[in-house]
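Bear in mind that the values here come from a model prediction, so they are computed numbers and not experimental data.
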Amino acid sequence: MLEPSRSQTTILIIDDEPSAINDVAQALQPTDYACQWATSPAMALEHVHRSPPDLIVSDIDLGQASGLDLYQQLRECAGAAEVPVIFISGAQIPDVVRRAHTAGGVYFLRKPFDPEVLIELVDKALWMPHLLRRRLQTATA
């Protein structure tokens, strides 16, 4: 079976704090995943409109905006309906895990996170059956 390589995979990291983006990018550095970043909802929407990523890692608290609400907007972009999201947060928000899953998140990770756990969750999220089918169709087209 044809398997897409990690080097063909793009992850969009969304956080209003550049140091948090750096933490995620540093954690993913040992992989061959290509990382893009956005520090605002407008920047994230621009990235997704230009070229939908394979995965989104988004903070829930984006300053003046909610990562949960932003993800709903991103899913409406062409080609992004099935892009999985891993939500991360350091905020003590009531029912945050439930709210993240209700919003469409495949996983939730609390900050500070273990880099190995992040890589494991990213790998699992990218190999969900419907995503694998889409990536294989793209690779063979």
Side-chain angles (χ1 to χ4, degrees), residues 1-139 141:
M1 169 168 49
L2 177 65
E3 293 184 10
S5 73
R6 282 183 166 186
S7 63
Q8 297 171 328
T9 302
T10 302
I11 298 171
L12 177 59
I13 306 165
I14 307 168
D15 201 306
D16 63 328
E17 296 179 26
S19 63
I21 290 172
N22 188 53
D23 291 344
V24 174
Q26 288 274 338
L28 294 174
Q29 190 173 9
T31 70
D32 287 331
Y33 297 133
C35 293
Q36 299 176 340
W37 55 269
T39 56
S40 70
M43 202 174 171
L45 285 163
E46 183 180 318
H47 274 289
V48 173
H49 279 297
R50 193 174 340 122
S51 178
D54 297 295
L55 175 73
I56 296 170
V57 176
S58 178
D59 192 3
I60 288 179
D61 181 6
L62 298 174
Q64 300 296 321
S66 163
L68 302 174
D69 294 339
L70 173 61
Y71 182 58
Q72 296 308 311
Q73 294 174 23
L74 294 173
R75 291 179 63 184
E76 295 173 11
C77 297
E82 293 185 340
V83 174
V85 65
I86 296 173
F87 285 112
I88 58 175
S89 182
Q92 297 298 323
I93 303 169
D95 297 330
V96 68
V97 175
R98 181 191 55 78
R99 291 172 60 191
H101 286 287
T102 299
V106 293
Y107 296 110
F108 173 81
L109 195 55
R110 182 155 313 275
K111 292 179 185 178
F113 56 84
D114 179 332
E116 290 180 16
V117 172
L118 176 64
I119 291 171
E120 182 179 334
L121 295 179
V122 165
D123 286 343
K124 286 180 180 182
L126 288 168
W127 291 102
M128 292 179 165
H130 67 286
L131 298 173
L132 180 57
R133 275 193 303 277
R134 181 179 65 130
R135 292 174 68 200
L136 289 174
Q137 287 170 351
T138 302

When the side chains of residues 66-76 are checked against the rest of the protein, which donor-acceptor pairs come out under 3.5 Å, sequence neighbours left out?
from: S66; atom 1: OG; to: L68; atom 2: N; distance (Å): 3.1
from: S66; atom 1: OG; to: D69; atom 2: N; distance (Å): 3.3
from: Y71; atom 1: OH; to: V83; atom 2: O; distance (Å): 2.5
from: Q72; atom 1: NE2; to: A103; atom 2: O; distance (Å): 2.4

Side-chain donor-acceptor distances from residues 11-19 under 3.5 Å, at least two apart:
from: D15; atom 1: OD1; to: E17; atom 2: N; distance (Å): 2.9
from: D15; atom 1: OD2; to: K111; atom 2: NZ; distance (Å): 2.8
from: D16; atom 1: OD2; to: G63; atom 2: N; distance (Å): 3.2

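A heavy-atom distance below 4.5 Å is not found between the side chains of I88 and I60.
When all heavy atoms of P53 and V48 are compared, the pair lying nearest together is CD-CG2, 3.9 Å. Taking every heavy atom of both residues into account, P84 and L55 meet most closely at O-CD1, 3.3 Å. Contact detail for M43 and T39: the closest heavy-atom pair is SD-N, 3.4 Å. Closest non-hydrogen pair, A38 versus A44, comes out as CB-N, 3.5 Å.
Residues passing the side chain to side chain donor-acceptor pair (under 3.5 Å) test with E46 are R50, sequence neighbours excluded. Applying the side-chain contact (heavy atoms from CB on, under 4.5 Å) criterion to E120, with sequence neighbours excluded, gives K124. A search for side-chain contact (heavy atoms from CB on, under 4.5 Å) contacts involving S51 returns nothing, not counting sequence neighbours.
In this structure, D61 CG and F87 CZ are separated by 12.5 Å, a value rounded to the nearest 0.5 Å. The distance from atom CG of L118 to atom OH of Y107, rounded to the nearest 0.5 Å, is 12.0 Å. Here the straight-line distance linking atom CZ of F108 with atom CG of L121 works out to 11.5 Å at 0.5 Å rounding. Distance check, rounded to the nearest 0.5 Å: CG of L62 to OG of S40 gives 9.0 Å. Taken from OH in Y33 to CG in L126, the straight-line distance is 5.0 Å, to the nearest 0.5 Å. Here OG1 of T10 is found 11.0 Å from NE2 of H47. Values are rounded to the nearest 0.5 Å.
The salt bridge (charged side-chain N to carboxylate O under 4.0 Å, His left out) contacts involving residues 83-101 comprise D95-R98, where partners must be two or more places apart or lie in separate chains.
Judged by distance alone, with hydrogens and angles left aside, the side-chain atoms of H49 form no donor-acceptor pair with the main-chain N or O of C77 at under 3.5 Å.
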